[in-house]
Amino acid sequence: MENYNHRQIEDNWKEKWFSDNLYEAVDFSEKPKKYILAELPYPSGKFLHVGHMMRYTVPEIYSRFLRMRGYNVLFPMGWDCFGLPAETFAQKEGITPQEAISKATKDYKDAMMSMGYAIDWNREINTSEPAYYKWTQKMFLVLWKRGLAKQQEMPVWWCEELGVLADEEVLPSKDGKGKISERGGYPVKRKMYRQWVLDIPAYADRLIDDLGKVDYEESVKIAQKNWIGKKDGALVTFNVEGESVEVFTTRPDTLFGVTFLAISPQHPVIEKLKEKISNINDVSEYIEKSKNLTDLEKQTKIKTGVQLIGVYARHPLNSQMTKIPVLVADYILTDYGTGAIMGVPAHDERDYEFAVKYNLEVKKVIEFPQDKNDTPYFTGEGVVINSEEYSGQNSQVCRQDIVKKIESLGLGKGATTYKLRPQIFSRQRYWGEPIPLIYKHDGNIEAVTEENLPVELPVMKDFLVGKDGKSPLEKNMEWNTTIDSEGNPAKRETDTMPTWAGSNWYYMRYIDPHNTVTPADVAKLKYWLPVDLYFGDAGHTTAHLLYSRFWFKVLYDEGIVPIDEPYMYRMSGGMLLGEDGGKMSKSRGNVVNPKDELEKHGADALRTYLAFIGPYEDTYPWNPKGLHACAKLVRTIYNLKTLVSEKADESAETTRILNKTIKNMTEMMDNLKMNTAVSEIMIFTNHIKNLAGIKKETWETFLVLIAPFMPFTAEELWQESNNYSKWQKTNSIHLQMWPKYNEELVIEKITELPVQINGKLRSEVTISDKDNEDTLKQKLLQDERVIKHLGGKEIKKIIYVKDKIVNLIA
RNA sequence: GGGCGAGUGGCGGAAUUGGCAUACGCGUAUGGCUUAGAACCAUAUGCCGCAAGGCUUGGAGGUUCGAGUCCUCUCUCGCCCACCA
């Protein structure tokens with residue numbers, strides 16, 4: 001037996017494949033195209049994580065499979081470089097982010113090459129290179145010119161160390177009492193801050209409607225819709241001492257049940273009416289206190305509020321002109337709806353809870369159903385009562401009538417609201433794309449002209465945020481001082497973009513990575529887009545997927561891209577846990593170092609294991625024994641070559657199993673079930689390893705089948721079997737066609753028919769082609785076990801499913 | 001609280017349209033090879049039972065000749081969102 005030396009084999013073929021760009025994706029090829037995309041990693045200075053490998057291996061195997069099935073496959077890779085991970089790493093190492101990134105991307109690329117990933121490296125991209133972010137900046141200007149990027153005072157998560165953070169970057173602290181940053185674990189609190197935001201809600205309806213054009217998993221579509229959170233209702237204006245307070249409600253039919261108004265602590269009407277509020281000191285104190293509460297504290301605490309003494313709201317329709325108390329309450333969110341609600345305690349759980357606490361009236365305006373008579377509030381539909389001329393109507397009809405009425409009075413209108421908020425787009429940090437805007441001396445804002453793009457990020461040794469939380473670029477006067485289009489002194493915007501700016505459109509750049517005139521040539525985009533299958537993190541199915549769809553639609557409206565949906569199908573991957581079943585982390589000591597595993601067992605074993613471990617979408621623990629078994633499989637296959645001989649006599653059984661293996665693997669891989677495809681490889685291996693000899697033809701077919709999983713070993717054995725003495729790209733196994741199978745040869749003639757009696761498996765009888773139902777019945781009646789289990793009873797009915805099963809009903 | 005998903009051996013997991021549940025791998029046991037172990041090879045392995053036989057896909061019902069798969073109820077776990085008016 002020859003010793004299997006994975007290091008030697010891998011180094012040899014790796015060098016040949018990548019120097020010849022074996023996995024080239026060809027623009028405008030005659031072959032049908034497939035664009036298989038896996039979310040790009042953000043290199044953070046360490047070796048590629050084993051979790052990354054799990055995320056990429058199945059998509060990569062799939063891309064190889066498609067290539068062998070005759071597709072022109074684009075399976076690209078790049079680096080999402082901007083953002084905190086690189087900055088934190090650079091700080092720790094005492095180097096610049098630029099230096100950190102250049103080392104990390106090299107390490108990551110090496111790791112991917114070591115894994116044999118079939119990537120067209122001519123299309124590699126890096127979001128932090130000026131040639132790339134020139135286009136990110138250009139796209140931002142498109143958004144800005146269309147009024148979709150604007151400045152707003154926003155309540156933001158504020159971190160002394162990191163500046164402003166997005167919701168997604170903030171986590172509850174370990175003790176549950178506060179908030180910390182996702183990276184670094186620094187304390188975080190709320191603060192108002194002027195920010196650039198993207199008006200994603202402007203596209204909300206299209207983002208919902210166009211889900212009809214794509215083929216995502218229904219659960220992904222639902223998640224997106226929930227995230228957008230579209231709700232129909234009405235805006236109703238209440239007069240509060242001469243000031244208008246607008247509320248949003250989904251239940252205008254309960255308008256006559258309003259017994260109080262509740263407004264958020266940030267509501268502007270408080271400031272306007274402060275002269276009239278007799279307890280203004282108490283109110284201010286409450287507002288001040290609520291500012292420092294974390295969400296969790298607000299949640300566990302009973303709802304609180306303070307009534308604005310001395311001011312009342314007037315009901316817009318009620319003829320009695322009842323005075324309605326107004327309260328400030330921190331359960332009212334500033335940035336949802338209008339920041340004010342009409343309190344209807346009889347028909348809303350939260351309003352009820354609040355009303356009880358503050359002794360507010362509870363007025364029923366919809367009849368409670370019989371079985372709900374004991375409950376204090378009822379949120380369903382029903383007959384409207386106590387509502388003047390609307391009484392007696394069904395609540396759903398009443399809803400429309402009331403909206404019509406307030407519309408005619410100019411006191412409101414039907415309206416739609418979304419949970420989706422404008423997304424904060426600026427960061428007060430160094431390591432990001434500079435926002436390409438200039439503040440003129442008169443305060444107006446002007447875009448940097450296209451010939452002056454990219455606005456390059458200056459290299460700065462001191463790139464950390466100061467204690468004031470302002471962008472480090474603020475300190476760099478040389479950089480941020482400029483002149484405007486009229487030649488007057490001006491100042492650059494010093495905020496930078498968030499990480500997701502570059503990763504919003506990266507998949508477009510793979511299509512035309514070296515273009516200097518446009519982000520990507522429209523004809524090429526037309527050829528490659530949409531992405532056929534997008535693999536990524538389950539946590540990105542809402543935010544990332546939604547924001548990048550938004551970005552793409554804006555580009556479509558601008559005529560930069562030819563279609564309006566970027567991804568046809570989305571597949572989300574599970575997680576790889578540590579051996580102990582917990583999340584891999586340094587503190588648990590269960591982190592797997594892929595470099596060690598690669599050294600020990602080789603890439604083919606690691607790839608096969610990552611495919612075999614389970615379905616792509618699930619989460620499971622790392623099991624070193626499983627990897628070991630796959631390493632054994634690779635070795636066993638390698639040594640099978642000694643069985644190959646021209647005159648090996650193969651049985652019909654071997655032909656059948658080979659055909660069945662091809663059929664099963666083809667179907668499984670089509671459905672991305674790589675784990676069971678590996679089982680098929682094992683089954684076939686177990687069969688042939690006990691044969692006296694294998695025909696060359698069978699052997700080579702088998703090698704093609706294993707090639708997507710074990711590309712190195714397959715190539716080595718293929719070249720050897722074909723006696724190719726010199727490397728030639730076209731002779732690579734990876735450019736061969738996937739084998740076809742003969743359906744007839746797959747069919748296994750069953751000779752033992754399972755026999756059920758009254759639905760329970762009792763026996764088996766031997767059958768042949770000649771048997772029909774009558775001869776079968778004869779056989780059954782002679783079978784000892786059948787006789788025994790019938791116990792002398794008469795057979796009432798025979799259900800015979802040919803070649804499957806027979807069931808006797810006694 | 002809301003949404004989504006999942007419950008199958010000791011473990012990871014297989015099971016076209018309902019048709020032999022537990023493929024494949026791990027683990028375990030026994031044997032071989034070894035001074036011994038590791039590694040490797042062979043065989044066995046859902047559970048109870050000496051056996052005949054019985055039981056088994058979270059639980060309870062139902063449809064069906066036949067249910068892991070379809071229907072109703074219920075329990076448990078995971079993920080995401082969460083005072084969203």
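A note on names: the letters A, B, ... follow the listed sequences, proteins ahead of strands, and every chain is numbered from 1.
Across all strands shown, B/G68 has no partner, as no Watson-Crick or G-U wobble contact with both distances under 3.5 Å is found. When Watson-Crick and G-U wobble pairs are counted only if both distances are under 3.5 Å, B/C83 pairs with no nucleotide at all. Across all strands shown, B/A42 is found opposite B/U30 as a Watson-Crick or G-U wobble partner, with both distances under 3.5 Å. Pair check for B/G25 finds B/C11; Watson-Crick or G-U wobble, both atom distances under 3.5 Å. B/U35 is unpaired under the Watson-Crick or G-U wobble criterion, no partner having all donor-acceptor distances under 3.5 Å. Taking a pair to require two hydrogen-bonding distances under 3.5 Å in either a Watson-Crick or a G-U wobble arrangement, B/G78 pairs with B/C4.
Considering only side-chain N and O atoms, A/K804 lies nowhere under 4.0 angstrom from the phosphate OP1 or OP2 of B/C20. Not one side-chain nitrogen or oxygen of A/K760 sits closer than 4.0 Å to the OP1 or OP2 atom of B/C20. The phosphate of B/U16 has neither OP1 nor OP2 within less than 4.0 Å of any side-chain N or O from A/N671. Within the 4.0 Å cut-off from OP1 or OP2 of B/G53, at least one side-chain nitrogen or oxygen of A/K788 is found.
Comparing the C1' positions of B/U16 and B/A39 gives an interatomic distance of 41 Å, to the nearest angstrom. With C1' as the reference atom, B/U34 and B/G78 are 47 Å apart, rounded to whole Å. Rounded to the nearest Å, the gap between the C1' atom of B/G27 and that of B/G12 is 11 Å. When the P atom is compared between B/G68 and B/U8, the two are found 15 Å apart, to the nearest whole Å. For the C1' atoms, the distance from B/A14 to B/G25 is 11 Å, rounded to whole Å. B/G18 and B/U64 are spaced 16 Å apart, taking the P atom of each and rounding to whole Å. Nucleotides B/C55 and B/U17 are separated by 29 Å at their C1' atoms, to the nearest Å. Comparing the C1' positions of B/C11 and B/U28 gives an interatomic distance of 11 Å, to the nearest angstrom.
Nearest nucleotide to the A/K673 side chain, out of B/A14, B/A15, B/C40: B/A15. Proximity note for A/S679 (side chain, C-beta onward) versus B/C55, B/C24, B/A39: the nearest is B/C24. Checked against B/C83, B/G66, B/A23, the side chain of A/Q756 finds its nearest nucleotide in B/G66. Distance from the side chain of A/R762 is smallest to B/G54 among B/C26, B/G25, B/G54. Which of B/C40, B/G5, B/G19 sits closest to the side chain of A/K632 comes down to B/C40. Checking B/A14, B/C20, B/C83 against every side-chain atom of A/Y331, the shortest atom distance belongs to B/C83. For A/I805, the side-chain atoms get nearest to B/G19 when compared with the rest of B/G25, B/G19, B/A14.
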For this session: Evaluate ring-ring contact (aromatic ring centres under 6.0 Å, His included) for A/H628 paired with A/Y609, printing each intermediate quantity in order.
Result: CA-CA 8 Å; A/H628 196 249; A/Y609 172 62; over 10 Å; no

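Between the side chain of A/K303 and the base of B/C83, a donor-acceptor pair under 3.5 Å is found.
Ranked by how close their nearest RNA chain B nucleotide is to the 5' end, A/R421 and A/G614 are led by A/G614. Of the two residues contacting RNA chain B, namely A/I799 and A/G626, the nearest-nucleotide position lying further toward the 5' end is that of A/G626.
Note: A/H544 and A/Y534 have perpendicular aromatic rings, judged against thresholds of 30 and 60 degrees for the angle between ring planes. Note on ring orientation: taking the six-membered ring where Trp is involved, the planes of A/F260 and A/F354 are tilted (angle from 30° to 60°).
Shown here, B/G61 is classed anti by the O4'-C1'-N9-C4 or O4'-C1'-N1-C2 angle, which is more than 90° from 0.
Distance CG (A/D618) to P (B/U8): 12 Å, rounded to an integer number of Å. When rounded to the nearest whole Å, the span between CD1 of A/I757 and P of B/G53 equals 12 Å.
Contacts of A/N226 with the nucleic acid, taken as non-hydrogen atoms under 4.0 Å apart, involve only primed sugar atoms and P, OP1 or OP2. At the heavy-atom level, A/I332 lies under 4.0 Å from base atoms of the strands shown.
Between A/F702 and A/F684, a ring centre-to-centre spacing shorter than 6.0 Å is recorded.
Side chain of A/K221 to main chain of A/L211: a donor-acceptor pair is present (N/O by atom type, distance under 3.5 Å, no hydrogens or angles).
No more than 12 heavy atoms of other residues, nucleotides or ligands lie within 6.0 Å of NZ in A/K673, so this atom counts as exposed by the packing criterion. Heavy atoms of other residues, nucleotides or ligands lying less than 6.0 angstrom from NZ of A/K413 number 12 at most.
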